[in-house]
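First comes the structure, then the notes that go with it.
It should be emphasised that the depicted structure is a prediction, and the values quoted were computed from it without experimental measurement. Throughout, a chain's letter reflects where its sequence line sits, starting with A, and its residues are numbered from 1.
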Amino acid sequence: MLNSKIINWYEFNKRDLPWRNTTNPYNIWISEIMLQQTQVVTVIDYYHRFINSFPTIKDLALASEQDVLNHWQGLGYYSRARNLHQAAKFIVDNYNGVFPNSFDNILKLKGIGVYTASAIAAFAFGLSKAAVDGNVYRVLSRLFGVYELTNSPKGKKTFQLLADELMANAEPHIYNQAIIEFGALQCTAKKPMCEDCPLQAQCFAYLNKEQNSLPTKKKKIKLTNRYFYYLYIFSEEHFLLQQRGDGDIWRKMFEFPLIEANNRIELVDLIHTETWRSLFVDVKIEVKDQLATKVHKLSHQNLHIEFISVKVDRDSMNKFSSFICIDKEKAINFPLPKPIESYLARA
DNA sequence: CAACCGTGGCG
DNA sequence: TCGCCAAGGTT
């Protein structure tokens, strides 16, 4: 059997990961959300910190959204953290704090789609659900020579059916872990290790030298460019932050006062913009320096970011009523996007 | 459905 | 340098 070969491979090659030593649905849930589009090595530290601070669903539900976001700082895709928090509150309110044990109810939780619901159902409750993630798409497409696009609705159906068939009577929690781990370690996206692969004889891609053509994916859309001018407005002990709103990147996170432009602007022109002038009316300032543009790449946007540091005397700091004046020591309490965090670490 | 949503690493 | 990829989900 094909699946028993994969399971056998797994027993000899699996990594010892923290969320594999438990069947606690809460712990598995946290790990699965963190692992979405994120590599294992990145997740491990975040996972430990998160579980330490919020050991149970109730602890998470009672935390503030800002505290939860703070634990997510640097991990990316921050809606995952907000959804996690909402779902925890929902479980406390509707299920008395007990994680639901049916696939349908798991799937209803915010931030949980078909993959994650299947993974939790299988890992925590032993339910017979094939979890199909990027690893599984890759393994199945190569193994069986499926050229359908893995990110199209049609392709997803095909691969789900294939995965369901391949699982057959295997233990769901072992089978799912096995094929995912197999994709992560052996049947990798780049330079798969076909030489010592136990599935060589049955693998379409290996037999036809098509490893690099599979899986197939729809191309990504073009990136848009945005130009951010961040003002690090500071006195001896304080600096200014503002909270981002909804409907854009980094929702609810904190950033410096921002001037956004459609194109690149020189500092000499920037200080004549309306925003700049309205900002510093009646305030004595000293422009300290301007950092060279750095391009911060998001999944769909290139952010061209420049930081301009502006020194202001202590008494003038409270004239900026629309911003939050923060003690330099307390920046750690605010969830910051990566570029802001990095800037503060240097400043 | 297609666009949107972070960040780090690799070849 | 740069495009792609990594245990996807929501609107």
For nucleotides dG6(B) and dC4(C), find the distance between their C1' atoms and express it as a whole number of Å. 15 Å

Flag the pair E341(A) and R346(A) as a salt bridge only when some basic side-chain nitrogen lies within less than 4.0 angstrom of an acidic carboxylate oxygen. no

R15(A) CZ to dA6(C) P: how many Å, rounded? 13 Å

As a test of understanding, state which of F50(A), W29(A), Y26(A), Y47(A) forms a ring-ring contact (aromatic ring centres under 6.0 Å, His included) with W19(A). Y47(A)

Contact nearer the 5' end of DNA chain B, comparing K154(A) with S79(A): K154(A)

Which one, dG8(B), dT7(B), dA7(C), comes nearest to the side chain of L298(A)? dT7(B)

Atom OH of Y47(A) and atom P of dA6(C) are separated, to the nearest Å, by 23 Å

K297(A) or K217(A), whichever maps to the more 5' nucleotide of DNA chain C: K297(A)

With sugar-phosphate meaning primed atoms plus P, OP1 and OP2, does R20(A) contact a base, only sugar-phosphate, or nothing at under 4.0 Å between heavy atoms? base

Mind checking the C1' distance from dG8(B) to dT10(C)? Whole angstroms is fine. 24 Å

Let's see if you can work this out: which of dC5(B), dC1(B), dA7(C) has an atom nearest to the side-chain heavy atoms of P153(A)? dC1(B)

Start at the 5' end of DNA chain B and walk down; is the nucleotide closest to Y78(A) or to S152(A) reached first? S152(A)

Which listed nucleotide (dC5(B), dG6(B), dA7(C)) is nearest to the side chain of V40(A)? dA7(C)

Under 4.0 Å, counting only non-hydrogen atoms across every strand here, what does D248(A) touch: a base, just sugar-phosphate, or nothing? sugar-phosphate

Which part of the nucleic acid, if any, lies within reach of T116(A) when heavy atoms closer than 4.0 Å are counted: base, sugar-phosphate only, or nothing? sugar-phosphate

What's I249(A) touching, base or sugar-phosphate or nothing? Going by heavy atoms closer than 4.0 Å. sugar-phosphate

Would you check if there is a donor-acceptor pair between the side chains of S64(A) and D67(A) at a distance under 3.5 Å? no

Can you see if the side chain of T38(A) gets near the phosphate of dT7(B) - specifically, an N or O under 4.0 Å from OP1 or OP2? no

With heavy atoms under 4.0 Å as the rule, sort L17(A) into base, sugar-phosphate or nothing. base

Given the P atoms of dC1(B) and dG9(C), what is the spacing between them in whole Å? 16 Å

Would you say dG6(B) has OP1 or OP2 under 4.0 Å from some side-chain N or O of H296(A)? no

Could you tell me whether the side chains of Y147(A) and E210(A) share a donor-acceptor contact shorter than 3.5 Å? yes

Between F256(A) and Y343(A) (judged by ring centroids, cut-off 6.0 Å), do the two rings come close enough to count as a pair? yes

Roughly, in whole Å, what's the span from CZ in R142(A) to C1' in dC5(C)? 12 Å

Here the distance between atom P of dG3(C) and atom CG of L223(A), to the nearest Å, is 8 Å

How many Å lie between CG on L107(A) and P on dG8(C), as a whole number? 16 Å

Side-chain atoms of K218(A) come closest, of dG6(B), dA7(C), dA2(B), to dA2(B)

Atom CZ of R277(A): over 12 foreign heavy atoms under 6.0 Å: no

Phosphate oxygens OP1/OP2 of dT7(B): is one of them under 4.0 Å from a side-chain N or O of R80(A)? no

Looking for any heavy atom pair under 4.0 Å, which part of the strands does A184(A) touch: base, sugar-phosphate only, or nothing? sugar-phosphate

Anything under 3.5 Å between a donor and an acceptor, one on a side chain of residues 185-192 of chain A, the other on a protein residue two or more places apart or in another chain? List them.
{"residue": "Q186(A)", "atom": "OE1", "partner": "W9(A)", "partner atom": "NE1", "Å": "3.1"}
{"residue": "Q186(A)", "atom": "NE2", "partner": "M193(A)", "partner atom": "O", "Å": "2.7"}
{"residue": "Q186(A)", "atom": "NE2", "partner": "D196(A)", "partner atom": "OD1", "Å": "2.8"}
{"residue": "T188(A)", "atom": "OG1", "partner": "K190(A)", "partner atom": "O", "Å": "3.0"}
{"residue": "T188(A)", "atom": "OG1", "partner": "K191(A)", "partner atom": "O", "Å": "3.2"}

Just checking W72(A): base, sugar-phosphate only, or nothing, at a heavy-atom cut-off of under 4.0 Å? nothing

Interatomic distance at P, dC5(B) relative to dC2(C), whole Å: 23 Å

Ignoring hydrogens and angles, answer whether the base of dG9(B) and the side-chain atoms of T42(A) contain a donor-acceptor pair closer than 3.5 Å. no

Please pick, from dC5(B), dG9(C), dA6(C), the nucleotide with the shortest atom-to-atom distance to any side-chain atom of A189(A). dA6(C)

NA contact type, I33(A), heavy-atom cut-off 4.0 Å: base, sugar-phosphate, or nothing? nothing

When the distance from CD of Q37(A) to P of dC5(B) is rounded to whole Å, what number comes out? 15 Å

Within 45° of the six-membered ring axis of Y77(A) and under 6.0 Å from that ring's centre, is NZ or CZ of R80(A) located there? no

Given atom CD1 of I44(A) and atom C1' of dA7(C), what is their separation to the nearest angstrom? 13 Å

Heavy atoms under 4.0 Å, any strand shown: does G74(A) hit a base, just sugar-phosphate, or nothing? sugar-phosphate

Counting just side-chain N and O atoms, does W250(A) come under 4.0 Å of either OP1 or OP2 of dT7(B)? yes

Output the rounded distance in Å from NZ (K190(A)) to P (dC5(C)). 7 Å

Checking dG8(C), dG8(B), dC4(B) against the side chain of H300(A) (C-beta onward), the nearest is dC4(B)

